[in-house]
Every structure is written in structure tokens, then in C-alpha cells.
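In what follows, a structure is listed as C-alpha cells, so that the remarks can point back to it.
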Amino acid sequence: MRVINFGSLNVDHVYNVEHFVKPGETIASRGYQQFVGGKGLNQSIALARAGATVSHAGSIGADGVMLRDVLIDDGVDVSFVFEVDQPSGHAIIQVDSTGENCILLHGGANQCNAPEMIHSVFDSADPGDIVLLQNEINDLPEIINQAAGKGLTVVFNPAPMSPDVLEYPLHNVDYLILNQTEAVALTSEEKVLEVLQTLGQRHPKSKVILTLGSEGAIYKDCDQTVCVEAVPVAAVDTTGAGDTFIGYFLAALACGATIERCLKNACEAASICVQRAGASSSVPYKAELQNGGQW
Ligand code: RIB
């Protein structure tokens, strides 16, 4: 079973700051580093490091060769990463003294996936493949519908959340993986129980995985609710933690692991990620997990 990840590829410009810049304020950064990122790329790398077979589909500019190379280095299939006539996507990321981040995105090539490219990916799909999506590329409604129309399992991470997600064909999504901010924006509910109840009523056939940062994660479908606590650690940089969670969760799911094991592996991998700087570079290899990342 393969995961086909239609996702963004970004160059991350990361600035360490005492606090996030306020409106009208100018501050000096304490440090600057450039990393390879993008929610799509990070999730492909997390899947590969967790042992999954993954094909990445997306677009880069002429300046983005290293984005493709990083995927190749981790064993990700890049047959569907195409070069387009736009600069690659990039992100301006501030990381504060608590390890929290705020991110400004420029979509660039990520918003230039061509219809022919999307069709060619689906032409190569096999029954049983999983299609993974985040909200950083163009034509998501079309991709969701094509994937569902082919009978593939659709996993959607509505990150970063935007108002148009409310119009997406979410009834065609099998697994919705989101954090509290995204869940509140999607449901207009504040409390976890109410968020889960609202999503369950709106999308009765979808499985929902709600990540709660240092509080762990919850899975809910129409038959069961499974909660797992986070592994307590001191965070240096939370960038990429959600992406690591998703890659590890899906890799275990694709191998038939129990939901509890999927959540535990995902939380442990995310806890390792936050102890390191950067996005894709901080995703652990499965041998770094206590049980060797087994299911
Ligand atoms: O989830 C972290 C990622 O969000 C960063 O790598 C950045 O590129 C943005 O896409």
C-alpha cells in the first residue's frame, strides 16, 4: 500500500525571536537558518522515516531542486514532482523563546499544479492507495473528488485553515486530521467534546483525529473514541510537529496497527521533533522511537 501525498514544498526561512513581531514593531532576530519544509514535504519525509512507501506529487520552481533532492534522500518517489515557471513556495517562520512558531506563507509553485499533472498521478494509482492532502496547494476540491471517485482512501489535514475549506467536499474525506485551531475554525465550537460532536454529526462517515499539542491526541469514529497522552518534553521548536504526527499516524495505519498504537507512535515521534530546530530536518527516524516504531 502506497501513500500518494499531493503537497507543498517550501524553503523555510526561520528567525529566532524573543517574541513575535507586533503590528508596527521592528525587532532584531537572534538567529537565522534556512530549512527545507512545507507541510506536504514534511509529511512525506515523516511517512518515509516511519517506514511507509510514499510518492510525493507537487510543483517546484527552478530554485527548488534541493526540495526534490531531500525527498529522494529519504526514499520518497518524486516521479510526480514537476518544475514550473514560478519560484518555489517559501515560508517566513518566527520561533519564539518558548519554541512556539508563527508562519507567513508564499504559495509560489505550490499553487501551480496543472490538471494534467493531477490526472497523471491518479492514472498511476492502485486500489488501496491512500491520498494525503494538506491545504497548501491549488485545486484541492478537484483532487479530493477524483481520489474519492477512484475509491482511494482520502486523508485531509486542513492546515493552514482558510475559509474556503468550509466549501470543500469534506463528505469525501475518510480521515480528517486537524489541530485545535483548525477544529475551532471549522466548527465554531471551542470545547473538544463539542468540536468532535459537531464534526461527527456533519461527517458521520469520516474518522476524526484531533491533535492537542502537549495534551496528546484523540481519535473518533462512529464506533470508538481513543485518547492518547503526549510525551512531556521541553520544546525548542514546534515547527513540523503536526506533520510528523500525521506521517507516523498514517504509516502505522497503513500497516494495520491499532488506532491506539498509531496515536502513540505519532505522539512520541512529534515529541522528538519538537526538541529539535527546523521542520523536515527534525522528523525522527523510526528507530529513534522507544519501540523502534513498530506496530
Ligand atoms: O508545518 C510546518 C510547515 O508549515 C513549515 O515547514 C512551512 O513551510 C509551512 O508550510
Side-chain angles (χ1 to χ4, degrees), residues 5-17 20 32-50 56-61 63-64 66-71 74 76 81 86-96 99-113 132-138 140 155-162 165 177-183 185 209 211-213 217 235-250 266-267 269-284:
N5 183 11
F6 278 93
S8 57
L9 306 102
N10 290 335
V11 176
D12 289 350
H13 299 274
V14 181
Y15 301 86
N16 297 100
V17 293
F20 299 146
Y32 166 76
Q33 275 179 289
Q34 191 172 305
F35 292 103
V36 164
K39 294 186 197 302
L41 180 149
N42 299 339
Q43 292 179 25
S44 281
I45 286 189
L47 279 156
R49 291 187 184 176
H56 192 98
S59 297
I60 53 174
D63 57 346
M66 85 266 204
L67 299 169
R68 184 163 39 200
D69 288 349
V70 161
L71 289 172
D74 265 298
V76 175
V81 175
Q86 282 286 322
S88 298
H90 74 262
I92 306 288
I93 304 180
Q94 296 177 54
V95 177
D96 75 8
E100 197 51 75
N101 67 49
C102 68
I103 302 179
L104 171 67
L105 277 180
H106 178 71
N110 294 314
Q111 295 296 327
C112 299
N113 294 303
L132 171 62
L133 306 162
Q134 312 78 31
N135 193 28
E136 288 188 343
I137 61 165
N138 61 301
L140 280 161
V155 181
F156 180 46
N157 168 220
M161 187 65 193
S162 61
V165 171
I177 309 183
L178 69 181
N179 68 20
Q180 260 177 305
T181 310
E182 291 141 11
I209 299 97
T211 61
L212 303 167
V236 170
D237 179 356
T238 56
T239 313
D243 302 327
T244 301
F245 178 98
I246 291 168
Y248 268 83
F249 179 87
L250 267 192
C267 283
S271 78
I272 297 172
C273 170
V274 301
Q275 295 176 75
R276 303 169 177 169
S280 61
S281 56
S282 59
V283 176

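For the numbers below, each heavy atom of this structure counts, side chains included, while hydrogens, waters and symmetry mates do not. In listed order, ligands and their atoms are each counted from 1.
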remark   = Heavy-atom contacts under 4.0 Å to ligand 1, chain-then-number order, include exactly N10, D12, G37, G38, K39, N42, A91, I103, L105, E136, T239, G240, D243, A279
message = Check the orientation of H13 and Y32. Use parallel for under 30°, tilted for 30 to 60°, and perpendicular for over 60°.
response = parallel
task = Please identify each residue that fulfils side chain to side chain donor-acceptor pair (under 3.5 Å) with H106, with sequence neighbours left out.
result = none
request  = Tell me, please, which residues at least two apart from F35 pass ring pair (Phe, Tyr, Trp, His ring centres under 6.0 Å).
outcome  = none
query = Going by distance alone, is a donor N or O of one side chain under 3.5 Å from an acceptor N or O of the other, for N10 and N110?
reply = yes
Show me, pair by pair, the donor-acceptor contacts under 3.5 angstrom made by side chains of residues 240-248, not counting sequence neighbours?
{"unit_1": "D243", "atom_1": "OD1", "unit_2": "Q43", "atom_2": "NE2", "d": "2.9"}
{"unit_1": "D243", "atom_1": "OD2", "unit_2": "N42", "atom_2": "ND2", "d": "2.9"}
{"unit_1": "T244", "atom_1": "OG1", "unit_2": "G240", "atom_2": "O", "d": "2.8"}
{"unit_1": "Y248", "atom_1": "OH", "unit_2": "P284", "atom_2": "O", "d": "2.8"}
{"unit_1": "Y248", "atom_1": "OH", "unit_2": "K286", "atom_2": "N", "d": "3.0"}

ask   = Are the charged groups of R49 and D74 less than 4.0 angstrom apart, N to O?
value = yes
